[in-house]
Number of protein chains: 2
Amino acid sequence: MKANSPSTVSIVLRGLSEKRNISDATKKKVLEAAKTLGYTPNMQSKLLRSNLPNLPVITLFWDSTTRQYILGSFLKGIQDSIVSNGFTYDLQVKPYAVDHLEESMTARTLMESNGIIICNASDKDIEFLENNDLSVPIVLYNRYSDKYPTVNMNDKEIGKMAADVFIRHEKTRPALLTSVPNFEGMVIRENTFKDILNQNHISDIYRIVVDDTPSGGYMGVLEILKSKPLPDCILCSSDNIALGAIKAFYDKGIKIPEQLELISIGNGNRDLEEYSTPSLSVVSLPLEAMADACLTRISRAITDLSLVSDSR
Amino acid sequence: MKANSPSTVSIVLRGLSEKRNISDATKKKVLEAAKTLGYTPNMQSKLLRSNLPNLPVITLFWDSTTRQYILGSFLKGIQDSIVSNGFTYDLQVKPYAVDHLEESMTARTLMESNGIIICNASDKDIEFLENNDLSVPIVLYNRYSDKYPTVNMNDKEIGKMAADVFIRHEKTRPALLTSVPNFEGMVIRENTFKDILNQNHISDIYRIVVDDTPSGGYMGVLEILKSKPLPDCILCSSDNIALGAIKAFYDKGIKIPEQLELISIGNGNRDLEEYSTPSLSVVSLPLEAMADACLTRISRAITDLSLVSDSR
DNA sequence: TTGAAAGCGCTAACAA
DNA sequence: TTGTTAGCGCTTTCAA
C-alpha cells in the first residue's frame with residue numbers, strides 16, 4: 001500500500017479534507033491508520049511551526065495533598081502580579097503530592113519550563129531538590145534552602161504576633177495545638193512564640209501534636225480538656241486545626257473567647273478568618289504579597305542569564 | 001563582527017562553555033548578545049529536539065475569581081482519575097477571570113492543548129465558546145451547551161435533596177438565600193426545589209438575592225430577620241453564603257438548628273461541611289466524581305479522531 | 001576552539 | 001487530487 005505524503009496526512013488529520021479536496025478513500029485510509037497507530041498530535045511541533053511569538057513558561061508546583069483551599073488565593077496573587085507588572089508569561093500549575101515532588105518534576109516538565117516556583121515542599125522534597133542539579137531557574141516558596149533562591153514570609157514575625165496576642169490579652173496558661181512541623185518556618189514560628197512567652201515569664205506551655213486537619217484539631221482539644229488546670233489560650237498552628245478545635249469547644253459547651261481564647265495561624269482561608277463562628281484571633285499570612293514576591297524573583301532569574309554560570 | 005555558529009551559541013547558553021572548551025571571548029560575546037537581545041529559550045523547540053515521548057496535554061481552565069477553595073478538591077479528583085485510569089497526560093491548570101475566558105484562551109493555549117476542560121464558565125464565557133470554532137476538543141464542566149460535550153451533576157437531584165430536607169424536617173416557612181444565578185444548573189436546582197415544595201403545598205417562598213460571598217449571606221440574613229413571621233428554614237445557594245449566614249445568626253443569638261434550620265448547597269468546602277459550627281445541613285456536591293467524569297470525557301474526545309469530522 | 005549539517009513533528013507554498 | 005520542499009528553534013554528531 002502506498003504511503004501518503006505528510007501534507008496530505010496533515011490536511012486530513014486537521015479535518016480539512018473537504019476544503020482541500022481529499023478523496024474519500026485517502027481520507028479513510030489516513031484516519032484508520034491514525035487510529036490503529038494511536039496517533040496524538042504533538043503540540044510542541046504545532047506551536048513551533050505556528051510562528052506564534054515565544055512566551056516564557058512559568059510552572060507553579062503546588063502540593064495538592066494538603067494545601068488545597070489556599071491555591072486559589074495564591075494563584076490570584078500570581079495572576080495579579082503578572083498583570084500589574086506587565087509581565088508576559090505563560091503560567092501553568094502542576095499539582096504534586098507531598099514527598100513526591102520528584103515524580104512530578106519529570107524531564108518533560110523541566111524541559112518545558114523557563115522557570116519554576118515550588119510551593120510548600122516537604123523536607124523530603126527539598127532533599128531531592130538539593131541533591132539534583134536541575135537545569136531550570138527555581139524559586140522555593142515558604143521554605144529555606146542554601147542552594148535555591150527562596151521567598152519566605154517573616155516566620156519570626158508570625159511567631160511574635162501570635163505571642164503578642166497572648167500577652168496583650170494577659171493570658172497565663174498557654175497551650176499549643178500543632179501538627180508535626182514539616183517545614184522550617186513552622187519551627188521558627190514556634191520557637192519565637194515560646195521565646196517571647198519565656199521572656200514574659202511564661203514557660204509552662206502545654207503542647208499537643210495532632211494531624212493538620214480539622215479532626216486533628218477536634219481530637220486535640222478533647223485531649224486538652226482533660227488537663228488541669230485548663231489552658232486559658234490555645235494557639236493552633238493552622239486554620240485547619242482551628243476549625244476542628246472550634247467545633248470541639250462548641251460541642252463541649254465551652255465559650256470562646258470568654259472561657260478560653262483561640263488563636264490560629266491562618267493559611268489564607270480568608271472566609272474562615274472573617275466568618276468563623278465564634279470568632280477566633282487569626283494571625284493572617286500575607287499570601288498575595290508572597291505570590292508577588294515569588295513571581296518577581298523567578299522573573300529575575302529567567303531574565304538574568306548570568307545565572308547560567310557554568311555548571312559542570 | 002563575525003557571527004557565531006548555532007552550536008557554539010547553544011553550548012554557551014546552556015552553561016557548557018567550560019566543558020566544551022569555548023574561549024572566554026566567545027562566551028562573553030554570546031552572553032552579551034543574548035542579554036541585549038533579551039533572549040529567552042524556546043522550550044517547545046527544546047522539547048521537540050529532546051526526543052522525549054509525546055505526551056498529550058490537557059488544560060484545565062479554572063475560574064479563579066470566584067471558585068477558589070474548590071480548585072484543590074477538583075484538581076485532586078482529576079489527579080486521582082489520571083492515576084487510577086492509567087492515563088498518561090500532561091495536566092496543566094490555567095486560571096481565568098469570570099467573563100474573561102476569551103482573553104485566557106489564547107491562540108497559544110489552544111495550540112498547546114490536546115484537550116481542554118472548562119470549569120464554571122459564565123454565560124458570557126459560554127457565549128464566546130459557542131460563537132467560535134475552536135479547533136481543540138473541549139468539555140464543559142457544570143454547564144450546559146448544545147455545541148460542546150458537557151459534564152454536569154444532577155442539578156434536579158440537588159434541588160430535590162434540598163427540598164427533601166425541608167419536608168422531612170416538617171418545615172413550613174421556607175426562605176431562599178441565593179446569588180444571581182449565573183449558570184443554568186442554579187436555575188434548575190432552584191426550580192426543582194420550588195416545584196417539590198409546591199407539590200407539598202408550600203408555595204410561599206421568601207427569596208432574597210445576595211452576593212455569592214460570606215458578607216452577602218450575612219447581610220441577607222439581617223434582611224430576613226426583619227420579616228414576620230420568621231422563616232423556619234433557609235436554603236443557601238452556596239456555602240459561601242451559608243458561612244456568612246451562620247455568623248449572622250450567631251451574632252444575633254439565634255440558635256441553629258433549634259430556632260431556625262439552615263441548609264446549604266456545598267460546593268466542596270469539605271471542612272466547612274463537616275466542621276461548621278453550629279452544624280448546618282449540606283447538600284454535598286460530588287466534586288471528585290465530576291472531575292473523574294470530565295477527564296474520562298475529554299480523554300475520549302482526544303482519542304476519538306472521528307471527532308475531527310470535517311469543519312468548514 | 002569553532003562550524004556545518006541533519007533532524008525532532010508539523011504545516012504552508014508550490015509543483016505535479 | 002496528491003506530493004515535494006522548506007523551515008519553525010533547538011541540539012548533537014562530526015568535520016574542520
Side-chain angles (χ1 to χ4, degrees), chain A residues 1-31 33-34 37-57 90 107-108 110-114 135-136 302 305 308 310-312, chain B residues 1-31 33-34 37-57 90 107-108 110-114 135-136 302 305 308 310-312:
Chain A
M1 196 200 281
K2 213 170 132 251
N4 293 95
S5 80
S7 47
T8 306
V9 174
S10 172
I11 289 166
V12 173
L13 253 24
R14 281 177 297 151
L16 303 176
S17 309
E18 203 127 320
K19 210 185 284 176
R20 301 291 299 277
N21 294 321
I22 301 292
S23 73
D24 277 0
T26 306
K27 176 180 168 182
K28 202 173 151 224
K29 198 170 106 190
V30 170
L31 286 179
L37 294 173
Y39 170 80
T40 326
N42 182 319
M43 300 327 250
Q44 283 75 44
S45 307
K46 287 197 189 226
L47 238 193
L48 182 57
R49 178 59 230 240
S50 75
N51 282 331
L52 284 171
N54 179 30
L55 248 198
V57 176
D90 195 29
R108 188 190 158 87
L110 291 175
M111 187 137 278
E112 68 189 7
S113 311
N114 292 81
S135 49
V136 199
I302 291 175
L305 280 172
V308 192
D310 284 17
S311 57
R312 73 231 65 203
Chain B
M1 195 200 283
K2 211 169 132 249
N4 292 93
S5 79
S7 47
T8 306
V9 174
S10 173
I11 289 167
V12 173
L13 253 24
R14 281 177 297 151
L16 303 175
S17 310
E18 202 128 320
K19 212 186 282 179
R20 301 290 299 275
N21 295 321
I22 302 292
S23 74
D24 277 0
T26 306
K27 175 180 170 182
K28 200 172 155 224
K29 199 170 103 190
V30 170
L31 286 179
L37 295 172
Y39 170 80
T40 325
N42 182 320
M43 300 326 250
Q44 283 74 44
S45 308
K46 287 198 189 225
L47 238 193
L48 183 57
R49 176 59 230 239
S50 74
N51 282 330
L52 284 171
N54 178 31
L55 248 199
V57 177
D90 195 27
R108 188 190 157 86
L110 290 175
M111 187 138 279
E112 68 189 7
S113 310
N114 293 78
S135 49
V136 200
I302 291 176
L305 278 172
V308 193
D310 284 18
S311 56
R312 72 230 65 200

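Note that the structure is predicted; figures quoted are calculated from it, not measured. Just so it is clear: chains get the letters A, B, ... in the order the sequence lines come, proteins before strands, and each one is counted from 1.
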Exercise. Given side chains that start at C-beta, do those of B:L47 and A:E112 come closer than 4.5 Å, heavy atoms only?
Worked result: yes
Exercise. Which listed nucleotide (C:dT1, C:dC10, D:dT2) is nearest to the side chain of B:N21?
Worked result: C:dT1
Exercise. Which is true for A:T26 with a 4.0 Å heavy-atom rule: it touches a base, it touches only sugar-phosphate, or it touches nothing?
Worked result: sugar-phosphate
Find every protein N or O atom lying less than 3.5 Å from an N or O atom of nucleotides 14-16 of chain D, and list the pairs.
none

Exercise. Rounded to the Å, how far apart are A:L48 CG and D:dC10 C1'?
Worked result: 8 Å
Exercise. Using a cut-off of less than 4.0 Å, is there contact between a side-chain N or O of A:S10 and OP1 or OP2 of C:dG9?
Worked result: no
Seminar exercise, completed: Quick note, B:K46 side chain, CB onward, closest among D:dG3, D:dC10, D:dT12 is D:dC10
For this session: Could you state the atom-to-atom distance from CG of B:N51 to C1' of D:dT13 in whole Å?
Result: 14 Å
Exercise. Counting only side-chain N and O atoms of A:S5, is one of them less than 4.0 Å from OP1 or OP2 of D:dT4?
Worked result: no
For this session: When you get a sec, tell me which of D:dC10, C:dA12, D:dT1 is the closest nucleotide to the side chain of B:P41?
Result: D:dC10
Exercise. To the nearest Å, how far apart are A:I11 CD1 and D:dT4 P?
Worked result: 14 Å
Are any protein N/O atoms closer than 3.5 Å to N/O atoms in nucleotides 5-7 of chain C? If there are, list each pair with its distance.
| unit_1 | atom_1 | unit_2 | atom_2 | d |
| --- | --- | --- | --- | --- |
| C:dG7 | N2 | B:R49 | NH1 | 3.1 |

Exercise. Any side-chain heavy atom of A:R14 within less than 4.5 Å of one from A:K19?
Worked result: no
Exercise. NZ of B:K19 versus P of D:dT12: gap in Å, rounded?
Worked result: 10 Å
